[in-house]
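Okay, so here's the structure we're looking at.
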Amino acid sequence: SLWHLLKVLIVGDGNVGKSSFVHRYVSGQFNKTYKMTVGVDFSVKLLHWSDKEKVRLQLWDIAGQERFISMTRIYYKGALGCVVMFDVTSSSSFSSCRHWKEDLDNKAMLPNGHSIPCILVANKCDLAHRAVSADTIDRFSKAHGFITWMETSVKDNKNVGEAMSAASKDSCRF
Ligand code: GDP
């Protein structure tokens with residue numbers, strides 16, 4: 001059978017939950033003392049989509065960034081999908097999503113020249129003190145060309161798999 005390689009990026013400010021998200025998706029665990037690494041890291045998950053199609057999913061997480069920095073083209077190269085994540089209790093992490101999306105639109109291209117499909121993820125929705133309303137997120141998501149947006153809680157394991165499916169679903173026109 002065939003193995004496909006699917007590279008998906010997870011971007012967003014530091015502390016929004018990117019490492020926890022990848023860790024939860026790959027290993028099914030939430031670890032509060034999960035150690036932050038510095039630099040770019042990737043994890044792998046093997047998916048059996050059908051008898052004939054198997055996918056080696058590479059999740060690239062820019063770990064250890066405190067705020068938005070522009071990434072190099074090398075990081076974006078070959079990516080077929082992206083999750084742009086913010087913390088729903090942090091309005092500054094939400095503001096940064098505009099920069100992350102612009103950087104992606106400028107540098108991350110599919111082989112056909114189109115920008116890669118991105119989904120917007122509002123993480124930590126288990127917390128009560130929200131800083132951004134659903135209405136605001138919805139308007140922003142539509143205005144900036146995200147395929148969709150979703151609320152997640154890595155802590156409560158809510159929508160983690162769903163968000164990853166949405167981010168990789170449209171990416172598989174091999
Ligand atoms: P990163 O810097 O974006 O990779 O963020 P981390 O994965 O290191 O997470 C930052 C902090 O937020 C850690 O203390 C996590 O335990 C916590 N965290 C991550 N996801 C959630 C969530 O869904 N809910 C809550 N309450 N905390 C979370």
Side-chain angles (χ1 to χ4, degrees), residues 6-45 57-72 74-105 107-108 116-138 140-141 144 146-168 171:
L6 174 57
K7 176 178 172 181
V8 173
L9 313 173
I10 322 289
V11 303
D13 282 5
N15 212 44
V16 301
K18 300 181 300 299
S19 311
S20 306
F21 178 86
V22 170
H23 188 60
R24 167 72 90 184
Y25 181 70
V26 171
S27 76
Q29 292 171 355
F30 180 70
N31 186 347
K32 276 201 108 170
T33 57
Y34 189 66
K35 238 169 81 191
M36 268 219 301
T37 49
V38 176
V40 174
D41 207 0
F42 74 80
S43 308
V44 170
K45 184 162 172 135
L57 177 67
Q58 265 189 5
L59 295 170
W60 288 56
D61 166 28
I62 38 139
Q65 307 296 345
E66 292 309 309
R67 61 196 161 77
F68 171 77
I69 54 150
S70 183
M71 300 300 289
T72 67
I74 308 266
Y75 173 71
Y76 291 128
K77 196 172 181 331
L80 296 177
C82 185
V83 173
V84 178
M85 183 180 287
F86 67 99
D87 170 352
V88 81
T89 70
S90 156
S91 53
S92 68
S93 74
F94 176 65
S95 304
S96 294
C97 291
R98 191 169 58 84
H99 303 291
W100 287 112
K101 185 66 166 66
E102 275 170 12
D103 206 43
L104 280 157
D105 288 343
K107 295 175 188 165
I116 64 171
C118 291
I119 92 147
L120 180 65
V121 162
N123 190 36
K124 307 197 188 181
C125 71
D126 56 284
L127 298 175
H129 45 285
R130 297 193 179 206
V132 195
S133 73
D135 223 44
T136 304
I137 302 167
D138 195 53
F140 172 81
S141 166
H144 290 83
F146 287 92
I147 50 176
T148 188
W149 74 275
M150 248 177 233
E151 283 189 355
T152 62
S153 166
V154 178
K155 186 175 176 229
D156 293 350
N157 201 13
K158 187 186 164 198
N159 278 346
V160 172
E162 288 81 352
M164 275 308 305
S165 304
S168 47
S171 319

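Numbering of ligands and ligand atoms starts at 1, following listing order.
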Using side-chain contact (heavy atoms from CB on, under 4.5 Å) as the criterion, list what pairs up with Asp126, not counting sequence neighbours.
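Lys124, Ser153, Lys155, Asp156.
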Which of the atoms in ligand 1, numbered in the order shown and given with their element, are less than 4.0 Å from a heavy-atom of [X]?
X: Lys18; value: 1 (P), 2 (O), 3 (O), 4 (O), 5 (O), 7 (O)
X: Gly14; value: 2 (O)
X: Ser20; value: 6 (P), 7 (O), 9 (O), 15 (C), 19 (C)
X: Asp13; value: 3 (O)
X: Leu127; value: 26 (N)
X: Asp126; value: 22 (C), 23 (O), 24 (N), 25 (C), 26 (N)

Out of curiosity, is Thr152 lining ligand 1, as in a heavy atom under 4.0 Å away?
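No, that is not the case, since the closest heavy atom of the residue is not under 4.0 Å from the ligand.
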Can you tell which of Lys155, Glu151, Lys124 gets a heavy atom nearest to atom 18 (N) of ligand 1?
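When every heavy atom of Lys155, Glu151, Lys124 is considered, Lys124 comes closest to atom 18 (N) of ligand 1.
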Is a side-chain N or O of [X] found less than 3.5 angstrom from the main chain of [Y], in a donor-acceptor match?
X: Ser141; Y: Ile137; value: no
X: Lys18; Y: Asp13; value: yes
X: Ser90; Y: Asp87; value: no
X: Lys45; Y: Tyr25; value: yes

Could I get the full list of ring-ring contact (aromatic ring centres under 6.0 Å, His included) partners for Phe21, not counting sequence neighbours?
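If we apply the ring-ring contact (aromatic ring centres under 6.0 Å, His included) test to Phe21, skipping adjacent residues, there are no hits.
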Is Leu9 close to Leu104 at the side-chain level, that is, under 4.5 Å between some pair of heavy atoms?
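Of all side-chain heavy-atom pairs linking Leu9 with Leu104, at least one is under 4.5 Å.
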Checking contacts here: is it the side chain or the backbone of Asp87 that comes within 4.0 Å of ligand 1, counting heavy atoms only? Could be both or neither.
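Neither; no heavy atom under 4.0 Å.
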Hey, is ligand 1 close enough to Phe21 that some N/O pair sits below 3.5 Å?
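In this structure, Phe21 places no N or O atom under 3.5 Å from an N or O of ligand 1.
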